[in-house]
Amino acid sequence: MKLKEKTEIKKVALAGNPNSGKSTIFNALTGGHAHVGNWPGVTVERKDGEFEYKGKTFIVTDLPGTYSLTSYSIDERIARDFIVKERPDVVVSIIDSTNIKRNLYHTISLIELGANVIIDLNMADILEQKKIKIDTKKMEELLGVPVVLTSGTKGFGLDELKNKIADYEDYKRMPFKVEYGDDIEKSIKNIEMMINGIKTKYSKRFLSIKLLEGDTEIIEELKDAGYEEAVDFALRETAKLEKKFSIDVETEIVEKRYGIIESIVHQCVSKKKTIEEKLSKSDRIDRVITNKWLGIPIFAFMMWLTFQLTFKAGGFIADYIDLFFGWVSSLSSDWLSMLGAPQWVSSLVSDGIIGGIGSVIVFLPNIMILFLILSFLEDVGYMARAAFIMDRIMHAIGLPGKAFIPMLLGFGCNVPAIMSARTISSERDRLLTILINPFMSCSARLPVYLLFTGIFFKRNQGLVIFSLYVFGILVAVLSARLFKSIIPKLKGPVSPLVMELPPYRLPSIKGVLIHMWERSSQFLKKAGTIIFAGVIIVWLLASFPLGVEYASSKSFIGQLGLFLAPLFKPAGFPFWQASVALLFGIIAKEIVVGTFGTLFGGSEKLSIALPKYFTQLSALSFMVMSLLYIPCIASIGVIYRETNSLKWTIFSVVYSILVGWVSAVIIYQIAIIIV
Ligand code: GDP
Ligand code: MG
């Protein structure tokens, strides 16, 4: 007789949708030797059995078939409780491969619940008939769990399944997480914080998501554990989100999961379509938009259009704001002299405050339009596609597909973009993504481009700005290649893209406007604080020492600029105003414009003053320098915080200064030869 103590006993649960073949697999594994009883407390049938393999005993439990793991029905509750409370060593997620989308929803729920999942793509025999191919390797990569193809009735794949069950401890699982979008993620974070000390078998993230979904059982459980406050908070959060974005939070969460599934299926399942199989609207749009050949040109066109709109429509409004500030400036100086205010006060108001801040605020409409379009593209579902379209390219150049999202966000602001790299699970890929992000042209650089192209490139303003963005991307990509090939820490294979592919839908105007405003108001806030402080410093330095002519080369700022200016001779702008604009632009890149505004006395005067210093060529090299030369202080701070390394932070700063300077010089020198 075999001694039970000698063999290890492992618990295996079979979970999945009804009719996915759980019982068939159960019988095939255990040889049909089932112990049939009832689940404690309920009359739902429970089947247990066992098999031996590789010297271990596996006790198998056939869970009730369910479509998800909420607590809507007894079956679902049994399945969930079993996984959470009995902690089976392995949960085999049995999938009807011919109905993979719906089945994967259950699998995702299992993974979210924190189970040790093995995916069993059952009914593999029918796949061939239906001309469906599933790339199991890819699926393993995307979901980070083992995947097996089986046929319960034909009996194939069962040994492999047993093998994977037996070796589950050796499998290196990758963390997998569904991202629910900024708004919901923020609420999840807040709830997680509130239930921080809780003792439970669920993960805090899982509990927080369930609270937002309004899961009654979890709500009760948390109330019993004395977390009424967190529950109330979550209910309020849900209500707040629903009101703010006119969405249903639960639906939103479910849709995000389906979005992820859509993306996984898109990447792993190929199907020869028969004529009578109708494609959904989203599928049909996707056929064009994510098409291998059309995808990238369409994306490029969209971006080009975005920038055209940004400056054309925005420029129209900006002209009026410009006039307005000019008017306010002359009015206030009239007033101040009428009141007998000293000269320096009127200079502070008209040069420093109105000139400096005004020259930046002028571009608010452009920035609002840029954010309006980006928010719209995001909410309509296009941005996620863009990441897919780019994924192929990203991989080809050795970048993780997920890095595209931080890169895209970088068009808005590098600070949240760098933080969003947290969703990249591989430490190596994350570091790389952070390091190249500052080259993505954030909206703070836009005023610089708008100012200079408005003066020097009137006829192809959109094209020049678009090219600058593309150039930033190019530098980011080339830097990534370079880092990967010479920095040992960054070498290695890239991780795959797991991202939702949401259905296309017309977004609510309210939602788009709110998203736009959230971002644009950041710009205004910045103008009122850091940019304000920056231009005041510039104004002070331009006014002192006492007795010098305002903003002359004899002022402090002039002397500082004169000291730096020779550095930029090879780049074509060897005058001190440009050097100090760049220097103060480190605080925030809008201050590049703000500095010129302060020094030359307001935005409407810039179009006369700047051509005295810049040529078309040096304007171009100056814009390139502004694009690349250094991340702003906030970005440097966030790079330090996210990498937690002074070394990488310094590296990023030094590298970008070098790249900026070298690029500006090369562009200027080449242009001189050509023109
Ligand atoms: P459960 O509800 O998940 O327990 O599913 P069952 O094991 O009862 O199977 C449902 C139906 O699918 C039954 O008619 C099975 O014979 C059939 N089935 C199970 N596995 C396979 C398979 O791999 N291939 C095919 N063609 N049919 C299968
Ligand atoms: Mg069954």
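FYI, side chains are in, hydrogens and waters are out, and symmetry mates aren't considered; it's all heavy atoms of this structure. Read the numbers this way: they start at 1 and go in the same order the structure lists the ligands and their atoms.
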If you count every heavy atom of other residues, nucleotides or ligands that lies below 6.0 Å from [X] atom [atom1], does the total exceed 12?
{"X": "Asp248", "atom1": "CG", "answer": "yes"}
{"X": "Lys240", "atom1": "NZ", "answer": "no"}
{"X": "Leu294", "atom1": "CG", "answer": "yes"}
{"X": "Glu86", "atom1": "CD", "answer": "yes"}

Would you mind running through ligand 1 and noting each atom that sits below 4.0 Å from a heavy atom of [X]?
{"X": "Asn19", "value": "1 (P), 2 (O), 3 (O), 5 (O), 10 (C)"}
{"X": "Asn122", "value": "20 (N), 21 (C), 23 (O)"}
{"X": "Ile126", "value": "26 (N)"}
{"X": "Gly152", "value": "22 (C), 23 (O)"}
{"X": "Ser151", "value": "22 (C), 23 (O), 24 (N)"}

Ion pair check, [X] and [Y], cut-off under 4.0 Å:
{"X": "Glu8", "Y": "Lys10", "answer": "yes"}
{"X": "Arg430", "Y": "Glu642", "answer": "yes"}
{"X": "Glu237", "Y": "Lys244", "answer": "no"}
{"X": "Lys164", "Y": "Asp120", "answer": "no"}

Polar protein atoms (N, O or S) that approach the Mg ion (ligand 2) to under 2.8 Å: Ser23 OG
Donor on one side chain, acceptor on other, [X] and [Y], under 3.5 Å:
{"X": "Asn163", "Y": "Lys54", "result": "yes"}
{"X": "Asn122", "Y": "Ser20", "result": "no"}
{"X": "Asp183", "Y": "His515", "result": "yes"}

So is Gly16 in contact with ligand 1, going by heavy-atom distances below 4.0 Å? no
Can Gly65 be said to touch ligand 1, with heavy atoms closer than 4.0 Å? no
Which residue and heavy atom of the protein sit nearest [atom], plus the separation:
{"atom": "atom 25 (C) of ligand 1", "value": "Thr153 OG1, 3.2 Å"}
{"atom": "atom 5 (O) of ligand 1", "value": "Gly21 N, 3.1 Å"}
{"atom": "atom 7 (O) of ligand 1", "value": "Thr24 OG1, 2.5 Å"}

Kindly state if atom 22 (C) of ligand 1 has a protein heavy atom within a strict 4.0 Å cut-off, that is, under 4.0 Å? yes
Distance flag for atom 14 (O) of ligand 1, protein heavy atom under 4.0 Å: no
Ligand 1-proximal atoms of Ser23, by part, heavy-atom distance under 4.0 Å: both
Has Lys162 got its NZ or CZ under 6.0 Å from the middle of the six-membered ring of Phe51, at an angle within 45 degrees of the ring axis? yes
About how many Å separate CD of Glu192 and CD1 of Ile198, when rounded to the nearest 0.5 Å? 12.0 Å
Below 3.5 angstrom, do we get any N/O pair linking Met123 and ligand 1? yes
Checking heavy-atom distances from atom 24 (N) of ligand 1 to each of Asp125, Leu121, Asp96, the winner is Asp125
